Amino acid sequence: MNKIKFLALGFIFGVILIKAEVISWFRIREMFRFQAFQMYGIIGSAVVIGIISVFMIKKYNIKTIKGEEIKIEPKKFSIGNIIGGLMFGLGWAMTGACPGPLYALVGSGLVVIIVVLLSAIFGTWVYGLLKNKLPH
Amino acid sequence: MNILTQPWPWYVSGPLIGLMVPILLIVGNKTFGISSSLRHICAACIPGKAEFFKYDWKAESWNLIFALGIVLGGLVAGYFFANPNPIQISEATVADLSSMGIKDFSGLVPNDIFNFHSLLTVKGFLLMIAGGFFVGFGTRYAGGCTSGHSIMGMSNLQLPSLIATICFFVGGLAMPWFVLPWIMSL
């Protein structure tokens, strides 16, 4: 029952993704062709709100609802940020979807996107097999 | 009913997406990120010896439950309260996609290519199967996706996340400008 809140938050996030239209293949293409401002406005304003929120949490030492210290693991640089980042960018522009939108698109009734999602799971699995052979 | 079916402008939806960062931190001490769920699915469902999938995925099950929530949110907002009108795509986008042979602009994806039938064509295979593979492989290699790096990581002013985000865009720009016209000609 403790985890039901994450189902509710995921639900809200799914609704936002659909209403923001960031799940549209055409919107993603517009962004990469600089033909519309919408996606830049969405990502930009999300990051601004995120930066302000994290700053406030740290500055006022805000705790979780259970009174725990909030921990955010720092991200460590690896060459994977570059190589993997370029690969994901290509995939994002091909499928028109990053992982969150893939789930939302499946929910919206686009059954064929299950194939894209399965392929993404397979990609993650292949990465796991090759991890030790790849530069990091 | 209009409010439920109409799209929201960027200055409403963008800040709401940003608010997921503090809400997840305060409600559950969780950092926002979606692509890890793909790893948990591998760990939970695919048998194998890879060390990368030997960990207690149940301890991270919140991420899978969150992903399930996204599917349900997509069902309610995208199916039951779907916008009855096609998405307003810029004329320039319609024009340059039309010149590549895309005719159907009514859906969330180009239905001409994104359907079961075209999975067996070179175009469809590349865009759906290879594209999906790049999403899954790339996000894990990069250590995150648009949510984990571009939103969560950048909110926490992480340099690796900025570098990853720049690379997402470089890869994303290369596709429609250089690679897609070639794929569409196949």
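FYI, side chains are in, hydrogens and waters are out, and symmetry mates aren't considered; it's all heavy atoms of this structure. First the proteins, then the strands, lettered A, B, ... as listed; each starts at 1. Bear in mind the structure is a predicted one, so any value in this text is a computation, not a measurement.
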Margin query: Distance check, rounded to the nearest 0.5 Å: B:Q158 atom CD versus A:I72 atom CD1?
Written below: 8.5 Å
Notebook entry, point to check: Going by atom types only, do B:S90 and B:T93 share a side-chain donor-acceptor pair under 3.5 Å?
Noted result: yes
Next item on the list: Just give me the residue among A:P74, A:G44, A:A36 that pairs up with chain B most often, heavy atom to heavy atom, under 4.5 Å.
Entry: A:P74
Notebook entry, point to check: Which one, B:I163, B:I151, B:L25, leads in non-hydrogen pairs under 4.5 Å with chain A?
Noted result: B:L25
Next item on the list: Please flag which part of A:Y40 lies under 4.5 Å from any non-hydrogen atom of chain B: side chain, backbone, both or neither.
Entry: side chain
Item checked: Per-residue contact mode, B:V27 against chain A (heavy atom under 4.5 angstrom) -> both
Notebook entry, point to check: Do you know which of A:N81, A:T64, A:V126 has the most heavy-atom pairs with chain B at a distance under 4.5 angstrom?
Noted result: A:N81
Check: Heavy atoms under 4.5 Å from chain A: which residues of residues 178-186 of chain B carry them?
Finding: B:L180, B:I183
Notebook entry, point to check: Which word best sums up how the rings of B:F133 and B:F137 line up, parallel for under 30°, tilted for 30 to 60°, or perpendicular for over 60°?
Noted result: parallel
Note to self: Going by the rule ring-ring contact (aromatic ring centres under 6.0 Å, His included), which residues pair with A:F37 if we only count those two or more places apart in sequence or in a different chain?
What the structure shows: B:W10
Next item on the list: Measure B:L119 against the heavy atoms of chain A and call it side chain, backbone, both or neither at under 4.5 Å.
Entry: side chain
Next item on the list: Could you pull out all residues at least two apart from A:F77 that satisfy ring-ring contact (aromatic ring centres under 6.0 Å, His included)?
Entry: none
Next item on the list: Please look at B:S37 and chain A and tell me whether the side chain, the backbone, both or neither of the residue comes under 4.5 angstrom of a heavy atom of that chain.
Entry: both
Check: Taking non-hydrogen atoms and a cut-off under 4.5 angstrom, which of residues 48-56 of chain B neighbour chain A?
Finding: B:A50, B:F52, B:F53
Notebook entry, point to check: Is chain A contacted by the side chain of B:S147, its backbone, both, or neither, given a heavy-atom distance below 4.5 Å?
Noted result: neither
Next item on the list: Under 4.5 Å heavy-atom distance to chain A, tell me which part of B:V21 shows up: side chain, backbone, both or neither.
Entry: side chain
